[in-house]
Amino acid sequence: QVQLVESGGGLVQAGGSLRLSCAASGRTFSRFGMGWFRQAPGKEREFVAAINWSGGNRYYEDSVKGRFTISRDNAKNTVYLQMNSLKPEDTAVYYCAAKQTSMAVTASTRYDYWGQGTQVTVSS
């Protein structure tokens with residue numbers, strides 16, 4: 001079993017930055033593909049970013065390209081989401097997810113483990 005714990009959410013003004021962290025339990029973290037998803041009120045959960053086991057492959061949802069960066073530190077069992085130039089439409093609960101295979105994928109159904117989420121609120 002893998003447990004994921006997100007942190008780093010909060011309230012920020014438009015144009016500001018936040019860095020989300022996701023700490024994973026378990027010794028096999030380095031083999032996992034990891035992803036970030038978000039869910040805004042009244043909307044379905046959507047893909048934000050994904051990274052493969054080594055960090056060599058990364059994918060982003062179009063609206064966050066150039067503003068968000070996903071990275072990982074396998075020695076610390078942690079994946080990050082650096083969010084810059086935040087916009088009010090980025091407001092959502094952000095979820096970290098892990099999949100037992102090493103590739104980076106965008107489909108939420110491919111992920112095996114999920115964190116509880118962290119709230120990000122961007123004020124205009």
Side-chain angles (χ1 to χ4, degrees):
Q1 188 71 13
V2 173
Q3 290 188 328
L4 304 174
V5 179
E6 302 99 333
S7 61
L11 174 64
V12 64
Q13 289 188 332
S17 298
L18 285 173
R19 188 175 83 155
L20 305 183
S21 299
C22 173
S25 64
R27 293 176 291 178
T28 57
F29 173 80
S30 62
R31 303 177 189 174
F32 290 170
M34 301 295 296
W36 286 97
F37 292 78
R38 66 186 179 186
Q39 187 167 18
K43 295 187 177 181
E44 293 186 354
R45 189 172 298 187
E46 66 173 0
F47 168 75
V48 176
I51 189 168
N52 76 329
W53 71 277
S54 67
N57 289 323
R58 311 181 194 196
Y59 300 104
Y60 297 96
E61 193 271 330
D62 285 347
S63 70
V64 308
K65 286 180 181 177
R67 300 189 297 123
F68 290 11
T69 302
I70 188 171
S71 62
R72 66 190 297 160
D73 185 336
N74 288 340
K76 295 183 178 180
N77 281 13
T78 302
V79 64
Y80 305 97
L81 186 68
Q82 178 67 44
M83 305 186 295
N84 298 328
S85 302
L86 283 161
K87 303 176 182 180
E89 51 263 44
D90 294 318
T91 295
V93 177
Y94 283 71
Y95 297 91
C96 171
K99 51 188 293 293
Q100 292 179 327
T101 55
S102 60
M103 294 174 61
V105 299
T106 62
S108 61
T109 54
R110 301 280 299 275
Y111 287 84
D112 303 295
Y113 306 102
W114 293 84
Q116 293 300 306
T118 185
Q119 177 71 46
V120 172
T121 303
V122 184
S123 63
S124 58

Q: Tell me, with the steps shown, if Asn84 and Ser17 meet side-chain hydrogen bond (donor to acceptor under 3.5 Å, both in side chains).
A: CA-CA 4 Å; Asn84 298 328; Ser17 298; 2.9 Å; yes
Q) For the hydrophobic clusters of this structure (ILVMFWY residues joined by side-chain heavy atoms under 4.5 Å, transitively), does one cluster hold both Met34 and Tyr111? A) no
Q: Output, in order, the C-alpha distance, side-chain angles, deciding distance and verdict of side chain to side chain contact (heavy atoms under 4.5 Å, CB included) for Val93 and Tyr95.
A: CA-CA 7 Å; Val93 177; Tyr95 297 91; 3.5 Å; yes
**Q.** Arg72 charged N/C atom sitting above Phe29 aromatic ring, 6.0 Å / 45°
**A.** yes
Q: Spell out, as yes or no, whether a donor-acceptor pair under 3.5 Å connects the side chain of Asn74 to the backbone of Ser54.
A: no
Q: Answer whether the closest heavy-atom distance between the side chains of Gln119 and Thr91 falls below 4.5 Å.
A: yes
Q: Please work out whether the ring planes of Phe47 and Phe37 are parallel, tilted or perpendicular, with thresholds of 30° and 60°.
A: perpendicular
Q. Leu18 and Ile51: same hydrophobic cluster, using ILVMFWY side-chain contacts below 4.5 Å?
A. yes
Q: Answer yes or no: is there a donor N or O on one side and an acceptor on the other, between the side chain of Gln39 and the main chain of Ala92, under 3.5 Å?
A: no
**Q.** Heavy-atom pair with the smallest gap, counting every atom of Trp36 and Val79
**A.** CZ2-O, 3.9 Å
Q: Determine which pairs satisfy disulfide (SG to SG under 2.5 Å) with at least one residue from residues 26-119, sequence neighbours left out, and list them in order.
A: Cys22-Cys96
Q) Do the side chains of Val2 and Tyr94 join up, straight or via other hydrophobic residues, at under 4.5 Å, putting them in one cluster? A) yes
(Q) Within this structure, what is the CG-CZ distance for the pair Leu86 and Arg67, rounded to the nearest 0.5 Å? (A) 6.5 Å
Q: Report the distance from atom CZ of Arg58 to atom OG1 of Thr69, rounding to the nearest 0.5 Å.
A: 7.5 Å
Q. Should the pair Asp62-Lys65 be classified as a salt bridge under the 4.0 Å nitrogen-to-oxygen rule?
A. yes
Q | Flag, side chain of Tyr60 to backbone of Gly66, donor-acceptor distance under 3.5 Å | A | no
Q. If we only count heavy atoms from C-beta on, is the Met83 to Leu20 side-chain gap below 4.5 Å?
A. yes
Q) Does the side-chain hydrogen bond (donor to acceptor under 3.5 Å, both in side chains) test come out yes or no for Gln1 and Tyr113, once each step is laid out? A) CA-CA 8 Å; Gln1 188 71 13; Tyr113 306 102; 5.0 Å; no
Q: Determine yes or no for a side-chain-to-main-chain donor-acceptor pair under 3.5 angstrom, with Glu6 supplying the side chain and Gly117 the backbone.
A: yes
